[in-house]
Structures are given as structure tokens and as C-alpha cells.
Amino acid sequence: MKESMIYCKESLSKKFEIPQDVMQEIDQVSNRYRFQASKYYLSLIDWSNANDPIRRLIIPDLSELEEWGTADPSDEAKYTILPGLEHKYSSTALMLISNLCGGICRYCFRKRVFIEDEIIQNIDSAIEYIQQHKEINNILLTGGDPFMLSNSRLEIILDKLQAVKHVKILRFGSKMLAFNPQRVVDDTNLLSILKNHNENTHQQIYLMNHFSHPNELTDLAIKAVKSMMNANVVLTNQNPIIRGINDNSEVLAELFTVLADIGVPPYYVFQCRPAMGNKDYAVPLEKGYDIFEKARSYVSGLAKRARYVMSHRTGKIEIVGVNDGHVYFKYHRAAQDGNSASFLVFKSNPNAYWLDDYDDN
């Protein structure tokens, strides 16, 4: 990769002249939760602003050491078929193909991937399982970030998946266009691999981007977006609502608008998962819903396509309304197919962060 990564506090301090007290916090937190960032992404930070959203997103904070949440808040282990392969929804398989990212979001919900080795070790075993399950028609390639892999490794994985005739869609889950757009802009070979797969196989590649704040949508990032489009990749965006980054309706509306303007319609807005270290980044669910709906009221058309959801252990649950002392949920996709589209109604709890915080009526 042409853009080098910064892994330690020494290289960070030398490059950006960060105050010593901040460096001490980074050192203390990164002993528990890994710190990683690209020079490009760190260059977006206004270091004179303690509340800079990019700084908040990528720089370790002492609040992460507060005990809260779990290593696997969505119980992905329950749906793991073999290391790195999950089958939660009947038509979708999830493959963890990388344990590296272009940067590590401080609110990451899969911190365990950087602590334990949970990625796929035997790609052929995963393909064999998928071949045997004809109901699977789409694959989510994630991690970590798939685009941290070499082009040759990505091409091998794509070639093996091409042999599965009942799989029609391949979705890459990636924040690379925000963290390190040079990975795309400077690599015509990667773009050729993706374009060739789109044009010469029965499968369509989608890129589920992860832009969380308008400041990430730089000219270079937008250039990377256009490069992906030229490779016939279909792009969408998904992001969580995070305290101190985008828990503001005007900021979220701006994000939606710019994304739609460049051809990347918003897809999902997630409730922050109650993962370990995430307490200070999470927004109470009902407050998040209010922020989300006000943001949607400020925009029109494709900019308001997003759904506000949580990835609960029982399925992807959409938050559809808060009214008259009650909160209304709907299974957007349930782990048990029979529950899909079912409604759930609970009494309001302004302090709830997750479905499990609500009491049954």
C-alpha cells in the first residue's frame, strides 16, 4: 500500500506535534484497544479544536476504558459456521476476510477482530459451505477492511466466489475511501480487477461505504468514489450515529445530501452497538431516532433513503417511530425468517441504548 500507516504514538507525535497530555492518553488507551490511522486521515484533523469530529473518530480517548458493553454485542458467534464465516440471514453469508483496517474507529463494534484471530483461514471450506446452501444469493465481504488485502489475494477470493452460480451479489464493507482514498485512486489494477468481475461474471459488486461525517468527503475521497463508479461498482453508504461526531441533525443532513449529490445514496444509519469501550460514543436510542428523523426532514429524494436500524442478535431491527410514550420497532430482517416484518412495541425508555434495555409490556 502506497499510503503508510501510523501505528505508534512516537510517529504520531513527530508528524503532528500533538500535546504531551494527549499523547499520554493515546498511549494508555492503545495498550488495551489498538490505534491505527493513515497519515492522510490524520491530516484532516484540526488539532486546535478539541472537538474536531475526525479527531473524535480516530484518536483514542480515556473514556474507552470505562467498563461497558461486550466483545460480541450482536452475538455473531452464534451464527458462525467456521472461523470467519457467518450465516445469520438465510440469503446472506458474511465472510471476515481481513483483520486489518485503514484506520480503527474508536467506536468499532468488532474490536475483538483486532484482539483475536477470527478471520477466515480456509477460503475453500467457506466456499464449499456456500456452494451447499443454494439459498445464499449474496455475500458480504468484510472484516476488518477487505481492501487492506493485496490485489492478488482479492482476485483469488473473487475468482473462487465466481464459481458459485447462485450467488449474484458481492458486497464489500469498507471505510477505505474515507481512511485512505489513495488505495483506490492510485491503484488502477484494483479498479481493473473489480471492473473485470462486474463485466465478465454473473455477479455484481457493491461497495458499502462508511462515511460518518461530511469532513471525510474530501475532493480526494470523491475522486475515489468516481473511480469506483467507473469500475461499475454500485455504491451506498452506512454509518452509525456517534456522540460528538454526527449526533446533530444538521450535520447528518449535510452528510446525506453530499452523499446523494455524488451518487452514494444513504443506506443504513446504525444505532451504535454496545461493544466494549463504546459508552461515551453511544447515543440513547430514542434521542438517536429524533436526530435521524429531523435530519431526513431537511433533505429530499435519494438523500432520505436511509433506514435507522440496529444489528441485534435476533436480526436487523428498524426503529420506525416514537410516539405517545411508546417506541415502535420492525424486523427489517430477522435471523428466523418467520419474524421478518414483525412489529415490536415497548414503553418509552429515554435511557435505552439497545433493544435489551426495554422491558416487555
Checking [X] side chain against [Y] main chain: does a donor-acceptor pair fall under 3.5 Å?
{"X": "S91", "Y": "E135", "answer": "no"}
{"X": "Q121", "Y": "I119", "answer": "yes"}
{"X": "S227", "Y": "V184", "answer": "no"}
{"X": "D247", "Y": "V283", "answer": "no"}
{"X": "N209", "Y": "T236", "answer": "yes"}
{"X": "D290", "Y": "E286", "answer": "no"}
{"X": "N237", "Y": "V264", "answer": "no"}
{"X": "H166", "Y": "I130", "answer": "yes"}
{"X": "K304", "Y": "R296", "answer": "yes"}

D72 vs T70, side-chain hydrogen bond (donor to acceptor under 3.5 Å, both in side chains): CA-CA, chis, key distance, verdict
CA-CA 5 Å; D72 187 9; T70 64; over 6 Å; no
Taking the side chain as everything from C-beta on, heavy atoms only, tell me whether I54 gets closer than 4.5 Å to Y41.
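Yes; the side chains approach each other to less than 4.5 Å.
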Going by heavy atoms in the side chains, are I241 and Y308 under 4.5 Å from each other?
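A side-chain contact under 4.5 Å exists here.
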Applying salt bridge (Lys or Arg N to Asp or Glu O under 4.0 Å), which residue pairs with at least one partner in residues 165-181 are found, sequence neighbours left out?
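Salt bridge (Lys or Arg N to Asp or Glu O under 4.0 Å) check on residues 165-181 returns K175-E216.
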Measuring from [X]:[atom1] to [Y]:[atom2], what's the distance to the nearest 0.5 Å?
{"X": "M310", "Y": "I319", "atom1": "CE", "atom2": "CD1", "result": "4.5 Å"}
{"X": "L177", "Y": "H210", "atom1": "CG", "atom2": "NE2", "result": "13.0 Å"}
{"X": "R243", "Y": "D280", "atom1": "CZ", "atom2": "CG", "result": "5.5 Å"}
{"X": "Q238", "Y": "R307", "atom1": "CD", "atom2": "CZ", "result": "13.5 Å"}
{"X": "L207", "Y": "L235", "atom1": "CG", "atom2": "CG", "result": "4.5 Å"}
{"X": "M176", "Y": "R183", "atom1": "CE", "atom2": "CZ", "result": "6.5 Å"}

If I compare all heavy atoms of [X] with all of [Y], which pair ends up nearest, and what's the gap?
{"X": "R34", "Y": "Q36", "result": "NH2-OE1, 3.1 Å"}
{"X": "P146", "Y": "G173", "result": "CD-O, 3.1 Å"}
{"X": "Y79", "Y": "D75", "result": "CD1-O, 3.5 Å"}
{"X": "I136", "Y": "T92", "result": "CG2-C, 4.4 Å"}
{"X": "Q162", "Y": "N200", "result": "NE2-O, 4.5 Å"}
{"X": "F172", "Y": "L158", "result": "CZ-CD2, 4.1 Å"}

Identify, with sequence neighbours excluded, every residue that meets side-chain hydrogen bond (donor to acceptor under 3.5 Å, both in side chains) alongside Y89.
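If we apply the side-chain hydrogen bond (donor to acceptor under 3.5 Å, both in side chains) test to Y89, skipping adjacent residues, there are no hits.
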Walk me through it: do T257 and Y298 pass the test side-chain hydrogen bond (donor to acceptor under 3.5 Å, both in side chains)?
CA-CA 9 Å; T257 298; Y298 298 149; over 6 Å; no
Using a cut-off of 6.0 Å, state whether more than 12 heavy atoms not belonging to K78 lie near its atom NZ.
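Not more than 12 within 6.0 Å, no.
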Heavy atoms of other groups near Q336 CD, more than 12 under 6.0 Å:
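Check fails, neighbour count at 12 or below.
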Could you go through the side-chain hydrogen bond (donor to acceptor under 3.5 Å, both in side chains) check for D337 and S90 one step at a time?
CA-CA 7 Å; D337 283 339; S90 60; 3.2 Å; yes
Do the rings of Y107 and Y281 sit parallel, tilted or perpendicular, given the 30° and 60° boundaries?
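Taking Y281 first and then Y107, their aromatic rings sit tilted (interplane angle of 30° to 60°).
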What orientation do H312 and W354 show, parallel under 30°, tilted 30 to 60°, or perpendicular over 60°?
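H312 and W354: tilted rings.
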Run through the side-chain heavy atoms of Ile, Leu, Val, Met, Phe, Trp and Tyr, join any pair under 4.5 Å, and report what else lands in V234's cluster.
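Via sub-4.5 Å side-chain contacts, V234 links to I169, Y206, M208, Y267, Y268, F270, V309.
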Assess whether a salt bridge exists between [X] and [Y], defined as any Lys/Arg side-chain N lying under 4.0 Å from an Asp/Glu carboxylate O.
{"X": "K223", "Y": "D219", "answer": "no"}
{"X": "R32", "Y": "E64", "answer": "no"}
{"X": "D356", "Y": "R313", "answer": "yes"}

[X] and [Y]: same hydrophobic cluster, using ILVMFWY side-chain contacts below 4.5 Å?
{"X": "I104", "Y": "L62", "result": "no"}
{"X": "V251", "Y": "V258", "result": "no"}
{"X": "L191", "Y": "I222", "result": "yes"}

Stepwise side chain to side chain contact (heavy atoms under 4.5 Å, CB included) check, K111 with N278:
CA-CA 10 Å; K111 295 182 177 77; N278 276 7; 2.7 Å; yes
Check the pair L355 / L285 against side chain to side chain contact (heavy atoms under 4.5 Å, CB included), numbers first and verdict last.
CA-CA 9 Å; L355 186 72; L285 190 146; over 6 Å; no
Verify side-chain hydrogen bond (donor to acceptor under 3.5 Å, both in side chains) between R56 and S212, making sure each step is shown before the conclusion.
CA-CA 11 Å; R56 168 78 168 159; S212 292; over 6 Å; no
